Visitor: 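Got a structure for you, written out below as structure tokens; questions coming shortly.
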2 protein chains.
Amino acid sequence: MDRNDAKGIFRIYIKEKGLRNTWQREVILDAFLSAEKHITAEKLFAAIREKNPEVGYATVHRNLSLLCECGLADEIKIGRQQTRYEPKFGQKHHDHLICLKCGRFIEVNDHKLEKLQDKLAEANGFLPMRHKLEIYGLCRECK
Amino acid sequence: MDRNDAKGIFRIYIKEKGLRNTWQREVILDAFLSAEKHITAEKLFAAIREKNPEVGYATVHRNLSLLCECGLADEIKIGRQQTRYEPKFGQKHHDHLICLKCGRFIEVNDHKLEKLQDKLAEANGFLPMRHKLEIYGLCRECK
DNA sequence: CCTGATAATGATATTTATTATCAATAGTAG
DNA sequence: CTACTATTGATAATAAATATCATTATCAGG
């Protein structure tokens with residue numbers, strides 16, 4: 001899935017929900033697609049403001065929520081930091097290794113692990129829908 | 001590890017850090033050891049207030065932090081709900097199945113899963129120290 | 001192209017959990 | 001017992017996310 005697919009998904013989602021397309025939405029979507037991974041609402045807002053000073057903070061928040069709803073973004077909350085938003089287009093689900101020293105995120109994926117998680121859930125009469133695995137420790141540089 | 005061991009650990013931790021023992025600390029520790037699992041600071045505060053109306057809210061918070069520091073409790077944050085505190089004495093590490101409908105927590109553990117997680121971390125040059133796995137879905141009653 | 005219904009915006013107020021402040025109190029070592 | 005200072009409790013402050021609301025802009029239907 002590339003950038004244009006993502007835009008299409010967003011526009012279709014907007015339309016199907018009876019919402020309206022605005023230039024602010026386009027600007028926010030564009031900025032999000034170009035932004036660093038795991039960006040906060042505040043940083044995204046700051047980046048948008050550089051080129052588009054008329055876009056409001058609340059609007060950025062509102063549209064990040066929309067992006068999550070339509071499946072293009074995911075919320076990540078670590079400790080008491082502010083929420084980070086992770087792009088979900090063009091990549092598979094993954095888990096996170098989080099360095100306790102430098103705060104770096106490393107994205108990892110393991111098929112066996114995913115399977116095992118599903119089995120564990122099912123063994124407990126549970127229907128798994130999504131999951132979050134965060135492994136905390138020290139990264140190569142910090143250990 | 002039983003209730004008295006937990007108390008001992010707390011008292012020793014307090015002493016070694018050059019802190020002081022107060023009756024409020026004892027009351028909070030006692031209440032925490034008797035409380036339901038995954039309790040919030042607010043609920044614990046309410047429970048304590050029934051018998052000890054002179055204990056302050058801030059004090060409960062402060063001592064919950066201490067309990068986490070000395071390893072007797074763990075913070076759990078789900079979504080934008082308030083922080084829950086989980087007792088860590090007298091039980092092994094476990095992961096959580098969280099029902100998206102009724103909010104129920106189910107505690108599970110799987111040795112193979114733990115091993116696999118460590119291997120995944122190490123394969124990425126990462127030194128794993130602790131982890132958090134939360135599987136979201138529908139529990140037996142809600143699905 | 002108009003136009004009316006109403007979704008969206010932006011500035012700001014509100015909410016909510018947690019943390020900081022600070023004067024008064026109370027452990028604790030010597 | 002005493003001095004030092006950690007702790008407490010009441011409350012203020014903080015910070016992120018959400019709600020409010022008057023104004024503006026979108027867009028389907030004519």
Side-chain angles (χ1 to χ4, degrees), chain A residues 10-32 38-70 73-86, chain B residues 10-32 38-70 73-86:
Chain A
F10 190 59
R11 294 203 187 103
I12 289 168
Y13 181 77
I14 293 292
K15 177 150 285 188
E16 285 185 346
K17 279 203 78 177
L19 306 180
R20 293 168 183 174
N21 202 24
T22 64
W23 66 267
Q24 288 95 333
R25 283 210 217 285
E26 291 285 325
V27 165
I28 292 167
L29 175 57
D30 250 329
F32 181 67
H38 315 122
I39 199 169
T40 62
E42 201 179 355
K43 278 198 175 180
L44 186 62
F45 173 65
I48 290 169
R49 273 293 178 120
E50 286 181 17
K51 304 247 178 189
N52 299 86
E54 357 19 269
V55 175
Y57 184 56
T59 303
V60 173
H61 255 286
R62 279 188 288 246
N63 283 290
L64 279 172
S65 297
L66 269 183
L67 284 168
C68 291
E69 271 180 43
C70 75
D74 244 353
E75 287 188 347
I76 312 179
K77 293 167 202 287
I78 306 295
R80 47 182 64 76
Q81 300 171 29
Q82 63 204 98
T83 304
R84 291 162 181 279
Y85 294 86
E86 171 174 43
Chain B
F10 190 58
R11 293 203 189 103
I12 289 167
Y13 181 77
I14 293 293
K15 176 150 286 187
E16 286 185 346
K17 279 203 76 175
L19 307 179
R20 293 169 183 175
N21 201 24
T22 64
W23 66 266
Q24 289 96 332
R25 283 211 218 282
E26 291 286 326
V27 164
I28 293 167
L29 175 57
D30 249 329
F32 181 67
H38 315 122
I39 200 169
T40 61
E42 200 178 355
K43 278 197 174 180
L44 186 62
F45 173 65
I48 289 169
R49 272 292 177 121
E50 285 181 17
K51 304 246 178 191
N52 299 85
E54 4 10 275
V55 176
Y57 185 54
T59 303
V60 173
H61 255 285
R62 279 188 288 245
N63 282 290
L64 279 172
S65 296
L66 268 184
L67 284 167
C68 291
E69 270 181 45
C70 76
D74 243 352
E75 288 189 345
I76 311 179
K77 294 167 200 287
I78 306 296
R80 43 183 64 77
Q81 301 170 31
Q82 63 205 99
T83 303
R84 290 161 181 281
Y85 293 86
E86 170 173 44

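Just so we're clear, the structure is a prediction, and the values are computed from it rather than from any experiment.
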Visitor: When rounded to the nearest 0.5 angstrom, what is the spacing between CG in A:L64 and CD1 in A:I28?
Guide: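 That separation rounds to 7.0 Å.
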Visitor: What is the distance from atom CG of A:N63 to atom CD1 of A:I48, rounded to the nearest 0.5 Å?
Guide: 8.5 Å
Visitor: D:dA17 P sits how many Å from A:I76 CD1, rounded?
Guide: 13 Å
Visitor: Would you compute the distance between atom OG1 of B:T83 and atom CG of B:D74 and round it to the nearest 0.5 angstrom?
Guide: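 That separation rounds to 11.5 Å.
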Visitor: Closest-nucleotide mapping onto DNA chain D: is A:L19 or A:R84 further toward the 5' terminus? I mean the 5' end.
Guide: A:R84
Visitor: Provide, to the nearest angstrom, the distance between the CG atom belonging to A:L66 and the P atom belonging to C:dA8.
Guide: 8 Å
Visitor: Can you measure B:E75 atom CD to C:dA17 atom P for me and round it to whole angstrom units?
Guide: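 Distance check: B:E75 CD to C:dA17 P gives 15 Å.
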Visitor: Could you measure the distance from the CZ atom of A:R11 to the CD atom of A:E16? Nearest 0.5 Å is fine.
Guide: 14.5 Å
Visitor: Pairs under 3.5 angstrom, nitrogen or oxygen only, protein versus nucleotides 10-12 of chain C, please.
Guide:
| unit_1 | atom_1 | unit_2 | atom_2 | d |
| --- | --- | --- | --- | --- |
| C:dG10 | OP1 | A:Q24 | NE2 | 3.3 |
| C:dG10 | OP1 | A:E54 | O | 2.5 |
| C:dG10 | OP2 | A:G56 | N | 2.9 |
| C:dG10 | OP2 | A:T59 | OG1 | 2.5 |
| C:dG10 | O5' | A:E54 | O | 3.4 |
| C:dG10 | N7 | A:R62 | NH2 | 2.7 |
| C:dG10 | O6 | A:R62 | NH1 | 3.4 |

Visitor: Take the protein atom CD of A:Q82 and the nucleotide atom P of D:dT18, then report the distance between them rounded to whole Å.
Guide: 12 Å
Visitor: Using atom CG of A:L64 as one end and atom P of C:dA8 as the other, report the distance to the nearest whole Å.
Guide: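 Roughly 15 Å, once rounded to whole Å.
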Visitor: What is the distance, to the nearest angstrom, from the NZ atom on A:K17 to the P atom on D:dC27?
Guide: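 Result: 16 Å.
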Visitor: For the backbone of A:G56 and the side chain of A:R49, can you confirm whether one donor and one acceptor N or O come within less than 3.5 Å of each other?
Guide: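 Such a contact is absent between A:R49 side chain and A:G56 backbone.
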Visitor: What is the distance, to the nearest angstrom, from the CG atom on A:N21 to the P atom on D:dT26?
Guide: 9 Å
Visitor: In whole angstrom, what separates B:E26's CD from C:dG27's C1'?
Guide: 13 Å
Visitor: On DNA chain D, does the nearest nucleotide to B:I14 precede the nearest nucleotide to A:R20 from the 5' side, or the other way round? Give the residue.
Guide: B:I14
Visitor: Measuring from the side chain of B:R25 (C-beta onward, heavy atoms only), which nucleotide among D:dA16, C:dT9, D:dT7 has the closest atom?
Guide: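 Output: D:dT7.
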Visitor: Consider the side chain of A:T22, meaning its heavy atoms from C-beta on, and name the nucleotide among C:dA17, D:dA17, D:dT26 that approaches it most closely.
Guide: D:dT26
Visitor: Does B:T83 put a side-chain nitrogen or oxygen below 4.0 Å from OP1 or OP2 of C:dT18?
Guide: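 Answer is yes, contact under 4.0 Å.
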Visitor: If you apply the rule side chain to side chain donor-acceptor pair (under 3.5 Å), what do you find for B:T59 with B:R62, and how did you get there?
Guide: CA-CA 5 Å; B:T59 303; B:R62 279 188 288 245; 3.2 Å; yes
Visitor: Here's a test of your reading of the structure: between A:I28 and B:H61, which maps to the more 5' nucleotide of DNA chain C?
Guide: A:I28
Visitor: So, for A:E86 and A:H38, which heavy atoms are closest and what is the spacing to 0.1 Å?
Guide: OE2-NE2, 3.3 Å
Visitor: Would you say B:N63 places a side-chain N or O within less than 4.0 Å of OP1 or OP2 belonging to D:dT8?
Guide: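 Yes.
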